[in-house]
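Quick note on labels: first sequence line is chain A, next is B, and so on, each numbered from 1. If you're wondering where the values come from, they're calculated on a predicted model, not measured in any experiment.
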There are 4 protein chains.
Amino acid sequence: MADQKKLTRAEQKALRPIQILDAAFEEFVRNGFTGARVDDIADRVGVTKGTVYVYFETKEKLFEAMISHFSVPFQELLAITASLSGSAADRLMSMLGLLYDQIAEDRTTRELTRLVISEGQRFPDLIDRHHDQFIAPVIAKIDNLILEGVESGEFREIPVEFSDIVVAPILTTTVLRLIFDDRRVPTPDREAFLRTYFDLLFNGLLVDRR
Amino acid sequence: MADQKKLTRAEQKALRPIQILDAAFEEFVRNGFTGARVDDIADRVGVTKGTVYVYFETKEKLFEAMISHFSVPFQELLAITASLSGSAADRLMSMLGLLYDQIAEDRTTRELTRLVISEGQRFPDLIDRHHDQFIAPVIAKIDNLILEGVESGEFREIPVEFSDIVVAPILTTTVLRLIFDDRRVPTPDREAFLRTYFDLLFNGLLVDRR
Amino acid sequence: MADQKKLTRAEQKALRPIQILDAAFEEFVRNGFTGARVDDIADRVGVTKGTVYVYFETKEKLFEAMISHFSVPFQELLAITASLSGSAADRLMSMLGLLYDQIAEDRTTRELTRLVISEGQRFPDLIDRHHDQFIAPVIAKIDNLILEGVESGEFREIPVEFSDIVVAPILTTTVLRLIFDDRRVPTPDREAFLRTYFDLLFNGLLVDRR
Amino acid sequence: MADQKKLTRAEQKALRPIQILDAAFEEFVRNGFTGARVDDIADRVGVTKGTVYVYFETKEKLFEAMISHFSVPFQELLAITASLSGSAADRLMSMLGLLYDQIAEDRTTRELTRLVISEGQRFPDLIDRHHDQFIAPVIAKIDNLILEGVESGEFREIPVEFSDIVVAPILTTTVLRLIFDDRRVPTPDREAFLRTYFDLLFNGLLVDRR
DNA sequence: TATGAATGAGGGTTCATTCAT
DNA sequence: TATGAATGAACCCTCATTCAT
């Protein structure tokens, strides 16, 4: 705030909407759509309420713009996984590791998930976009990786609806962190978590199988 | 409403708070804490706003009472699992099946989960109670079952923080149903889901495990 | 305000909407629809803004209700004129005298006319209702009276669109009083005005006709 | 807007205030003083809000300037009537015909009348100026014409407050057009209207007088 | 002269809460 | 116990006005 004094008018202006979106993110996350106050969002930026309305017509539009702003589709993630090599298991692990980082460990995505859960009913479009841009591509990718593993003889054949199960530990970690946020349930150690996750995923719980 | 005519006045009175809690559940679920209106809750019961305040001091207290009312601890579930017999795997499957029914398939618990995620920050006590009454006992039970399996030589030994991973498909299904509610992601068939879930949990994804 | 203390709750309640409508009339007349403040209307009644909204959903609805409340159709006036006897001229004079009293001399109708002129564009229904309930019946009545006079040989035959001209002095007086309200143009003496009005209406300005 | 391209910069500048006054007229007419938005006025001209404030200190000053700009006193009208010849009746008819054209048929004057009626209370000076520049001179002129007619033996002698009555059909037509604007009451045909108006004015309604 | 970002004082509306009945 | 009129504190949004550029 102090060093923004040096910015020119034009720079300020280009910055404003982003500052507001950032502030909106924090307030909407903390209080939900209805609970958040435009006044508080403005305060966070250091401007007055009116200024928010210079850039966003309504609180609702601001909310939607904020969601769009922070919802950077998993383009890169999918791109990376496309270039993976190695066994199907290796590629699946790489993908799940990336997903873990992007969903469970990244605060932004995590809190976006909270908003999707809590405000989804009020903003159905939000859900649709979230599904199309996040869920569907990821699920499709996982399906593919598993199918390839099946075809190469690495993986056992498994009904098609199972992808949720494969990624479940990631979403579950995300949700538990949203709920407990280090209060009761400690944030798991990334490496240890993934090790156990993958071990169970690939080998299962039973000692002696067949 | 029609068959309540048969109730005596005393019964009516005893019913009021519960009717209000039921109505509160629906409104809070639909609109969140801030978004829900006491007026709408009263309307649902067929009384006026003032009546709600006869039974509950504030909207906040009503919310908390509602959560308590619907949060029936998994006493019976834990009791049932205590009396299970058979192999560790059998007992674990029984427990997970029960959990699935109670969390993923039961609308009340599911929506309670939504409220825990969306309103938890505003009601920290809610989180604590939820943890103590739901999460902790369940996790402990799972831990136990697995430990027993390890001791009996059925299960491989696995780090202690893994229980989340074991139940993850259940919470994930719950959350996905909260988000999409049959709009994009179809509700999975219970039997097929559990079959795959357990198959993966016990045997893992790999074809050839020595 | 002081003596309302004696009223029972029920009496108060029955009175409230009317008190509000009265207050609304004054504020809307003084400041127009946009300029009037709900707060000031409430103040006038001695209640708070919220109370106004107990009775009227929006400022717009309040405005419309106020107009309806004060727009008592000229039922009685028309009824009276229906029972008139005497020559056509006598009956026409009686009618015009009544009209003068109801439109030009009655503050309520006069100010209602101001609102019709100033807010009509924003409230087209207002205009339609005003036309159907006030203008049209009066015009029709005048037309009839003149037609009867023509048929009985009292009046000269005159094109049908002239009724406006016959009542023009009344509307003109109304509008001038609205504009000047005794500031520049003194309010005319009723008797003198009507005498001249009728003299001109019946006999015209020319000394020697034919 | 297209042909303004040809104007020099200096011409443009000289035009600005007038463009703004024109735009202000339309917006104030449509929405009243309080309802009109400076932003919309600026939009109409194709400039921004700030520009309006370059030329006019406040919205109120702009309103007053606009009224002054469009209130071109009836100088020419009075000048023309000064040069009239013929009988008193002829001269009166000429004058009333001109008045009809300037008041009832000219949209600008008509809408100015609306503003005088609706905003007069908020701008008392407006009323005074309107009276001094419009009403008083016209009334005086009419008075004169009639007096001359009386002196020449053409007109009957009539109390001095009657001038309103003589011009009433003009103001009435104006007001009715303001209210109904061709929606319910059709705009009268000029010639037919004036013919009836003058016929009634001079000859009265009665068949047999004296 | 013109811009337009920013302000800030409201204004309409909502709604949890109170309390006399 | 139940009502519902009334309150008043917010909250969203608007808009006349300012001012640095």
Side-chain angles (χ1 to χ4, degrees), chain A residues 8-10 12-17 34-42 45-62, chain B residues 9-10 12-14 16-17 34-42 45-62, chain C residues 8-10 12-17 34-42 45-62, chain D residues 9-10 12-14 16-17 34-42 45-62:
Chain A
T8 68
R9 259 279 155 117
Q12 265 288 21
K13 141 111 212 213
L15 222 52
R16 266 296 119 84
T34 314
R37 288 159 39 187
V38 175
D39 237 335
D40 289 341
I41 293 172
V45 181
V47 297
T48 59
K49 215 174 5 176
T51 305
V52 173
Y53 284 92
V54 170
Y55 295 92
F56 302 94
E57 283 179 64
T58 62
K59 187 186 180 185
E60 211 157 304
K61 291 244 176 82
L62 171 57
Chain B
R9 200 167 213 99
Q12 266 285 23
K13 281 181 189 176
R16 264 298 120 83
T34 315
R37 292 165 47 196
V38 176
D39 238 335
D40 290 340
I41 293 171
V45 182
V47 298
T48 59
K49 219 172 4 175
T51 305
V52 173
Y53 282 89
V54 169
Y55 295 93
F56 303 93
E57 283 180 63
T58 65
K59 188 186 178 185
E60 213 157 303
K61 292 247 174 78
L62 170 58
Chain C
T8 67
R9 259 274 156 120
Q12 264 289 22
K13 142 110 212 210
L15 223 49
R16 266 298 119 83
T34 314
R37 288 158 40 188
V38 176
D39 237 336
D40 289 341
I41 293 171
V45 182
V47 298
T48 59
K49 218 171 8 171
T51 303
V52 173
Y53 284 92
V54 169
Y55 296 92
F56 302 95
E57 282 179 64
T58 63
K59 188 186 180 184
E60 210 156 302
K61 292 246 176 79
L62 170 58
Chain D
R9 201 169 211 99
Q12 266 284 22
K13 281 181 189 176
R16 264 297 119 84
T34 315
R37 291 166 47 197
V38 175
D39 238 335
D40 290 341
I41 293 171
V45 182
V47 298
T48 58
K49 219 174 2 175
T51 304
V52 173
Y53 282 90
V54 170
Y55 296 93
F56 302 94
E57 283 180 63
T58 64
K59 188 186 179 185
E60 213 157 300
K61 292 247 175 79
L62 170 58

Intra- and inter-strand pairing of DNA chain F, written as dot-bracket with Watson-Crick and G-U pairs under 3.5 Å and | for the latter, reads .||||||||||||||||||||
Using every non-hydrogen atom in the two residues, find where [X] and [Y] come nearest and quote the distance to one decimal.
| X | Y | value |
| --- | --- | --- |
| Phe56(D) | Pro17(D) | CZ-O, 4.1 Å |
| Lys59(C) | Tyr53(C) | N-OH, 4.3 Å |
| Ala42(D) | Val52(D) | CB-CG2, 3.8 Å |

Ordered by number, residues from residues 50-57 of chain A within less than 4.0 Å of DNA chain F (heavy atoms) are Tyr53(A)
Using only modelled atom types and a 3.5 angstrom limit, is any donor from either the side chain of Lys49(D) or the base of dT3(E) paired with an acceptor on the other? no
Of Thr48(D) and Glu60(B), the one whose closest nucleotide on DNA chain E sits nearer the 5' end is Thr48(D)
Side chains of Val47(D) and Arg16(D), heavy atoms from C-beta outward: is any pair under 4.5 Å?
yes
Pairwise side-chain contact, Ile41(D) with Leu62(D), heavy-atom cut-off 4.5 Å (strictly under):
yes
What is the separation between atom [atom1] on [X] and atom [atom2] on [N], rounded to the nearest whole Å?
| X | N | atom1 | atom2 | value |
| --- | --- | --- | --- | --- |
| Asp39(C) | dA9(E) | CG | P | 17 Å |
| Leu15(C) | dG4(F) | CG | P | 19 Å |
| Lys59(D) | dC15(F) | NZ | P | 9 Å |
| Arg37(C) | dT13(E) | CZ | C1' | 15 Å |

### Query
Which part of the nucleic acid does Ala36(C) contact within heavy-atom distance under 4.0 Å: base, sugar-phosphate only, or nothing?
sugar-phosphate
The answer to which of Val47(B) and Val38(D) contacts DNA chain F further toward the 5' end, by nearest nucleotide, is Val47(B)
